[in-house]
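Each remark here refers to the structure printed beneath this line.
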There are 2 protein chains.
Amino acid sequence: MELLRSPTVESGERFLETSLRDDRTVLIVGRCSVDYRGRAGSVLGEGERVVIVKPDGTLLVHQREKREPVNWNPPGCSARVTRDGERLQLVSTRSRPEEVLTVTFEDLMMVASFDLEDDEELQLVGTEEDLVRSVMERPDLIEEGFVPKEKNKSIKTGEIDLYGVDSEGRSVIIEFKRDRATSSAVWQLGRYLDEIGRKLDGEVRGIVAAPKITSGAKKILDDKGLEFVRVEEVPTRAGEGVVYDKGQRRIREFDGDRKGDGRG
Amino acid sequence: MELLRSPTVESGERFLETSLRDDRTVLIVGRCSVDYRGRAGSVLGEGERVVIVKPDGTLLVHQREKREPVNWNPPGCSARVTRDGERLQLVSTRSRPEEVLTVTFEDLMMVASFDLEDDEELQLVGTEEDLVRSVMERPDLIEEGFVPKEKNKSIKTGEIDLYGVDSEGRSVIIEFKRDRATSSAVWQLGRYLDEIGRKLDGEVRGIVAAPKITSGAKKILDDKGLEFVRVEEVPTRAGEGVVYDKGQRRIREFDGDRKGDGRG
DNA sequence: CAATAGATGTCGTTC
DNA sequence: GAACGACGTCTATTG
């Protein structure tokens, strides 16, 4: 870790040049204004903020509120340090699309840089994919006699979450939502039915499977003669969850009783 | 600014307790693991990361890559410091939905806290709203003789971006997209037409207005007998843009030639 | 609260 | 690179 408290413009500039050249993760806290021009454009007047520059080119400007950065540049960008008279500037650019983000510092409270060692990847459970998987393993969660046939079935215009057959041999198309299903889920389902319906003879059923559904979505669903099946939220608690890697091999049971997680 | 380099668990704990109590913005860099349980669930093994806690309750855990935090809790949450034996823990909770985020530190490289003064708000130009506004001012951007009638027209289930009348007296519903229009834009438009079409006698035209449209969206649009009108991207460059506040009063011309923005 | 839709969305995946 | 869809989306706005 390298760190300077309230550096001068000169020392701050040297510090940042070195840090950026060496692809370190940089934290800057200071009074700055921000200018952005690209897909959209913005200006932000002077104020004290936290700026992060990551070795992958990401640049984040955080105000004292909100989860979202007020300005940013995504991975793949390149940042450099310049001077604007007596002020230090951080300029981050990318092409395709052409975007320029400029942070002009009036004052630096702190600059710091780190070589972060981190080989771990997030293991997440409770996604829509998990929901589909749980239905594959227990098809009766949809209805008695339902037989899943194909997951992520590719069609012309999109992918069907789950395709299967019901107890009477009718084709069933299921659109899953991990949380409340909105009207866009119904539209998606309808689109898939349009396309499949033309290919297949006979009746094709369409089902939205989710823990809940919005009132508007339910209405459209009814109008179209489609169905809603409530499925439990994907378990994320002690002992109930399962973690998979991206290749969808099961990694391990999700350990819900991790030692000392501070709750209670 | 308060700052500790490589503090002990004890001093780190005291520091963070004080900082959180006083609603300061906190930066922590250290080796940690992360546990999340709520709408979904996740685990993240040990690694060195940057953690930010904001006075509004936001908590962010950033790895060395990506724009997105690997784990987070949104504004409105409350964070507290605890101890797990010899390890420092940050526990952030919220209710509705119930969510708990736990960061367990194996090692602290740096803790710092700041009282960030910032009264400025972002002034952004180039949004969909700007696009609608530009068409209101120059209706011929849609077509000769088009007369805008109502912006953000509320209907039962949603809002029409722009409602107007064409040179032959037909009603026109326009859905705008600030960049490439996708099939969901077409679906939105179709939904509005369904509802308006029932109320109004006579023909109703539906238009998607955007700088571009995806191939799939164009196909659906054609099938439905709807139209695409190319509108220029909202200007975000020198002298062309205009900035509005949330009340949509014009604040000032967007100053494209800000002094010394470091480019070139 | 629920519902709706935009976003400089970001991110992954497939073609 | 274009298209498509999920996201612990977040965020603002409206009833």
Do NZ/NE/NH1/NH2 and the carboxylate oxygens of B/Glu129 and B/Lys151 come within less than 4.0 Å?
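A salt bridge is present here (some side-chain N lies under 4.0 Å from a carboxylate O).
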Measure the distance from [atom1] on [X] to [atom2] on [N] and round it to the nearest whole Å.
X        : N     : atom1 : atom2 : value
A/Asn71  : C/dA7 : CG    : P     : 16 Å
A/Leu44  : C/dT8 : CG    : C1'   : 14 Å
A/Ile220 : C/dA3 : CD1   : P     : 12 Å

Ranking A/Arg96 and A/Leu122 by the position along DNA chain D of their nearest nucleotide, the one closer to 5' is A/Arg96
Taking the minimum atom-to-atom distance to the side chain of [X], which one of [options] wins?
X        : options               : result
A/Thr127 : D/dC7, D/dC10, C/dT8  : D/dC7
A/Arg39  : D/dG8, D/dA3, C/dT8   : C/dT8
A/Lys66  : C/dT8, D/dT11, D/dC7  : D/dT11
A/Glu175 : C/dC11, D/dA6, D/dT14 : D/dA6
A/Thr214 : C/dT8, D/dG8, C/dT4   : C/dT4
A/Asp179 : C/dT8, D/dT9, D/dG8   : D/dT9
B/Ser183 : C/dG9, D/dG5, D/dG8   : D/dG5

Which part of the nucleic acid does [X] contact within heavy-atom distance under 4.0 Å: base, sugar-phosphate only, or nothing?
X        : answer
A/Ser215 : sugar-phosphate
B/Pro97  : nothing
A/Ser154 : nothing
A/Gln188 : sugar-phosphate
A/Arg94  : nothing

Is there a side chain to side chain contact (heavy atoms under 4.5 Å, CB included) between B/Glu175 and B/Arg191 once you walk through the steps?
CA-CA 11 Å; B/Glu175 173 64 30; B/Arg191 203 155 61 87; over 6 Å; no
Using side-chain heavy atoms (C-beta onward) and a distance below 4.5 Å, is A/Tyr36 in contact with B/Leu122?
no
Give a yes/no on whether any side-chain N or O of B/Arg67 is located under 4.0 angstrom from OP1 or OP2 of D/dC7.
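Result: no.
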Polar pair under 3.5 Å, donor/acceptor by atom type, side chain B/Glu128, base C/dG6
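Such a pair does not exist between side chain and base.
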If I pick the C1' atom on D/dA6 and the same atom on D/dC10, what distance separates them, to the nearest angstrom?
14 Å
